[in-house]
Trainee: 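Please find one structure pasted underneath; my questions will follow.
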Amino acid sequence: MADKQHLYLVDGSAYIFRAYHRLPPLTDPEGTPVGAVYGYTTMLWKLADDLDKADGPTHLAVVLDKSSHSFRNEIYDQYKANRPDPPEDLVPQFPLIRDATRAFSLPLVEEPDVEADDMIASYARAAQAEGWDVTIVSSDKDLMQLVGEKDGARIDMLDTMKSARIYIEEVEEKFGVPPEKVGDVLALMGDSVDNIPGIFGVGPKTASKLIAEHGDLTAALDAAEEMKKSKLKERLIEHREDAELSRVLVTLKEDCPLPIAIDDMKLNGVPSEPLAAFLEKHGFTSLLRRLETGSGSPNRATDLNPPKQETKGAEAEAGGNSQPLPELPAIDRSAYECVQSMERLTHWIERAGAARLVAVDTETDSLDSIRAELVGVSLAPGPNEACYIPLGHGGSDMFAEKPEQIGKAEALAALKPLLEDDAVLKVFQNGKYDLNVLAREGIAVAPIDDTMIISFALDAGRSESGIGGGHGMDELAERHLGHTCISFKELCGTGKKAIPFAEVPLDKATEYAAEDADVTWRLHAMLKRRLPVEGGTKIYERVDRPLVPVVAGMERHGIKVDRARLAKLSEEFATETKRLEGEIHEIAGQEFTVGSPKQLGEILFDKLGFKGGKKGKSGQYSTDQSVLEKLSGDGAEIADKVLEWRQLAKLKSTYTDALQEAINPETGRVHTSYSLVGAQTGRLSSTDPNLQNIPIRTEIGRQIRDAFVAEDGHVLLAADYSQIELRLAAHMADVAPLKEAFAEGEDIHARTATEMFGEVTRDTRARAKTINFAILYGISRWGLAGRLGVEADEAQAMIDTYFQRFPGIQKYILHTLESVREKGYSETLFGRKTWFPRINSKNQAERQGSERAAINAPIQGTSADIIKRAMVRMNPALEEAGLGHVRMLLQVHDELVFELPEADVTAASEAIERVMAQAAAPAVELAVPLGVEIGTGKSWGAAH
DNA sequence: CGGATCACG
DNA sequence: GACGTACGTGATCCGA
């Protein structure tokens, strides 16, 4: 017996998931999750401790899943397709599991494209063939197929969580059949977790009965013809192929090549030094103490349920980072290379391919990604390992000599396979820009990561200054790397003296461009690892990251505007403003600049002597809309004329003139640029031109929307979420009457009026509407009083009534504020964080401002998450519906605008409505329906 | 370049 | 006793 070898095969991946769910969510003082690691460590400890016991291991190896891909995916593309991502706080623990295994000096088997189950099966059979006993440390039902005895060598299983051995009897008890028939049972049952189809409607009971009766799967399926008429019979016949496919999928592959010989898995006791280092590093002090005192096997009960006090406090006290960042070398610009030959370019492309990750940056001659011409590309497959590939330098001065560089077409042809390679991650800072530039060169870059978007997922709201809210590269480099990038200004100059990037000498251009790629690579290394630890993975991976190429596509499509129509409006507005200006001057008794609030204020309040002039902190009279409306109410004709003048001047300068200039001469369309990090709440913002503030509220402004048109034979389709923020408030604050009203499709403001005032009139409904919005924005009695034109007392009474009728609202507000004060950030239903660094400010105004924003952010942000999810799903859904030519053009916070052939309106409306209405699911199940209103027309105005 | 104003959700 | 009153944006103009 002493000579009997006994191999233990630990199913590490399966263990980790179970340990994660069974053990308390331990964290170290820095908040790094270590619960599953702790469970795993104690399990290994216990196994190693059994070394000299009967039935204990003489040999041991840990088997982990390396990749999710295996031969089963080749057979069945849906295999494991529905599997959810691992929990966010488990992800950072995976690498620690490897560290733990190494600390025990245990062999680790981890093969690409082979599932752990197959590897375990192959090792078990190999050991069995040598006459060894085998224990599989797992409780996976698929592995139960292996249990049994052959030639005096036994395979059994050990469920360490239940401290239970699984032999043939246990398998028979569970499945009603011996282990060799378990595969047949599994094939009938299917498996929803692995997405194995099985036979619909057949569960474990029916499956084992069928196999027990008929002997095996084929016999059971053949027997179906003879069965008496039943649902089961029909299903067995109809889904026979599914069952046969499932049989192949559940069959373990027992002849995988073995990377480590079984003899090399011999256990030689646990070397205490590396283990001690590991335990100390991760703060497992009680285990460390045991190691040092050499006290025997850990007690089983405390092992599986570590005492809270010990694990939460002392156990995790040592802390430290879960994934310490390897020291990066300081940035050294002299290490950068200017690539001027195909030979060198090939070298860099091969290097990037081997690294599997490369930071990329493009240099162009314009900030507008739709007009920009590519001037060069930089690559960084590692820190200080960066190059710049000039492609379009020189040439603007016909006397200057063009520097030596690879032809653009040739270079891009060589880069294209790398940039489109699924296996190489391309890292960008603001990748949407580069995606557009490269898409116009015929390169569809994927997959990508974006350091700007990662920064936003982690730190939205934390920094208030700077372009892009503190997520621009220069700021990120300062903040995270302590590095000052070469500024574009010092390279190209500014204002009139500015030179295009293409005219920057190659040595300078290389330093600048390669540095950008290098910095991007480093930022990625710094920031990406924070995502799982700080709860940013879900929103980044599921929402913002996949959105980047979608929005890039929308920007490239652009939208057609009718230039002649705008020009005509411009002319009309010009005539009108001129006429008004004359009349205003006449009333004023002098000429002045109507567009100057300063001059206007002096005319109104000093010269003409109107009352109600308030000076702000700038010492200037306020002349805004509310002031002028008040004067108009007092009979001041000049105020009306100024208001009208302002409206027309605004429309002309901001819209009818500017939009004409924004038409891209090549495409004939207007291409806005969306910022994915512009709004702290997670909304998009739109610039150059801003297409999210095109007039609609007034009749005169609405004419501008009519200038946004579809191509011939096409129409525009506008799909709006109706009252989405109020719906979300009803859900998030759990307001029964509001939820009910939405479920019934009632007029929500009318319902609020009923609840508050007992009756619905034009007046009470209007008040209710104001109050509803006030709630979303964080209310104050003075603010509401101002809006409603009542005294603050009365406004306060209304707020009280509101809270009384909808008590969930008050609770939501208090709870939200409490949480933001404590944690420093608010969160949307989908986990997007917005930070409020001033929420505890001593400055009352500052603090209250943050409070109002913090009340609003989860609602506005959740709405943004939902429409973003709809956008991410939209193109695949349209594609699937045979509507691949329907183009999504614009997003206006709660509205999406599409362009499509007239003939497709019905089908497209249906598909778009469905995607938008279902966009929260399955991540969040809302207690209110999401209403979507759709309109179509030849113009945007007509589509509403 | 900051403030005032006003366009949108 | 003063604070300064609804959330989130971007473009334009004026005037220092």
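A, B, ... follow the sequence lines: proteins, then strands. Residue 1 opens every chain.
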Trainee: When the distance from CG of A:D894 to P of C:dT9 is rounded to whole Å, what number comes out?
Mentor: 16 Å

Trainee: Consider the side chain of A:R705, meaning its heavy atoms from C-beta on, and name the nucleotide among C:dG4, C:dA16, B:dG9 that approaches it most closely.
Mentor: B:dG9

Trainee: Kindly point out which of C:dG4, B:dC8, B:dC6 is positioned nearest to the side chain of A:Q625?
Mentor: B:dC6

Trainee: Give me the one residue out of A:H471, A:E475, A:R462 that meets side-chain hydrogen bond (donor to acceptor under 3.5 Å, both in side chains) with A:S455.
Mentor: A:H471

Trainee: Ignoring hydrogens and geometry beyond distance, is the side chain of A:R852 in donor-acceptor contact with the base of C:dG8 at under 3.5 Å?
Mentor: no

Trainee: Return no unless some side-chain N or O of A:T654 is found under 4.0 Å from OP1 or OP2 of B:dC6.
Mentor: no

Trainee: Among C:dG10, C:dA6, B:dA4, which is the nearest nucleotide to the side chain of A:A774?
Mentor: C:dA6

Trainee: For nucleotides C:dA6 and B:dG2, find the distance between their P atoms and express it as a whole number of Å.
Mentor: 23 Å

Trainee: Heavy atoms from C-beta onward define the side chain here; which of C:dA11, C:dC14, C:dC7 lies closest to that of A:A853?
Mentor: C:dC7

Trainee: When the distance from CD of A:Q848 to P of C:dC3 is rounded to whole Å, what number comes out?
Mentor: 13 Å

Trainee: Remember a base hit wins even if backbone is also touched, and classify A:S850 as base, sugar-phosphate or nothing at under 4.0 Å, heavy atoms.
Mentor: nothing

Trainee: Any salt bridge linking A:E818 with A:K811? Criterion: basic side-chain nitrogen under 4.0 Å from a carboxylate oxygen.
Mentor: no

Trainee: Could you check whether A:F605 and A:Y621 have their ring centres less than 6.0 Å apart?
Mentor: yes

Trainee: For the pair made of CZ in A:F592 and C1' in C:dC13, what is the distance, rounded to whole Å?
Mentor: 15 Å

Trainee: With sugar-phosphate meaning primed atoms plus P, OP1 and OP2, does A:N693 contact a base, only sugar-phosphate, or nothing at under 4.0 Å between heavy atoms?
Mentor: base

Trainee: Remember a base hit wins even if backbone is also touched, and classify A:I696 as base, sugar-phosphate or nothing at under 4.0 Å, heavy atoms.
Mentor: sugar-phosphate

Trainee: Atom CG of A:N856 and atom P of C:dC7: how far apart are they, to the nearest Å?
Mentor: 8 Å

Trainee: Using the rule salt bridge (charged side-chain N to carboxylate O under 4.0 Å, His left out), only one of A:R832, A:R869, A:K432, A:R683 pairs with A:D544; which is it?
Mentor: A:R832

Trainee: Send over the distance from A:F773 CZ to C:dC7 C1', rounded to a whole Å.
Mentor: 11 Å

Trainee: Quick one: does A:R697 reach the base of B:dA7 with a side-chain donor-acceptor pair under 3.5 Å?
Mentor: no

Trainee: Base, sugar-phosphate or nothing for A:I694? Non-hydrogen atoms, less than 4.0 Å.
Mentor: sugar-phosphate

Trainee: Between A:Q844 (CD) and C:dG1 (C1'), how many Å, whole number?
Mentor: 11 Å

Trainee: Does A:K652 make a cation-pi contact with A:F573 (under 6.0 Å, within 45 degrees of the axis)?
Mentor: no

Trainee: Quote, to the nearest angstrom, the P distance that separates B:dC6 from C:dA2.
Mentor: 30 Å

Trainee: Mind checking if A:E895 touches a base, just sugar-phosphate, or nothing, with heavy atoms under 4.0 Å?
Mentor: nothing

Trainee: Under 4.0 Å: is that the gap between some side-chain N or O of A:Q599 and OP1 or OP2 of C:dG15?
Mentor: yes

Trainee: I need the CG-P distance between A:D688 and B:dA7, as an integer number of Å.
Mentor: 20 Å

Trainee: To the nearest 0.5 Å, how far apart are CZ in A:F830 and NZ in A:K868?
Mentor: 12.0 Å

Trainee: Partner of C:dA2 by Watson-Crick or G-U wobble geometry, both contacts under 3.5 Å, or none?
Mentor: none

Trainee: Assess whether one donor atom and one acceptor atom, taken from the side chain of A:K650 and the base of B:dC6, lie less than 3.5 Å apart.
Mentor: yes

Trainee: Mind calculating the distance between CD (A:Q620) and P (C:dG15) to the nearest angstrom?
Mentor: 9 Å

Trainee: Please tell me if the side chains of A:F708 and A:K560 come closer than 4.5 Å, counting only heavy atoms from C-beta onward.
Mentor: no

Trainee: What contact category does A:A658 fall into here, base, sugar-phosphate, or nothing, at under 4.0 angstrom with non-hydrogen atoms?
Mentor: sugar-phosphate

Trainee: Of all the choices, C:dA6, C:dA16, B:dA7, which nucleotide is nearest to the side chain of A:T770 once you look at every atom?
Mentor: C:dA6

Trainee: May I ask you to say what A:S622 touches in the nucleic acid, namely base, sugar-phosphate or nothing, with a heavy-atom cut-off under 4.0 Å?
Mentor: sugar-phosphate

Trainee: Any side-chain N or O of A:T593 less than 4.0 Å from the OP1 or OP2 oxygen of C:dC13?
Mentor: no

Trainee: Measuring from the side chain of A:S685 (C-beta onward, heavy atoms only), which nucleotide among C:dT12, C:dT9, C:dA6 has the closest atom?
Mentor: C:dT9

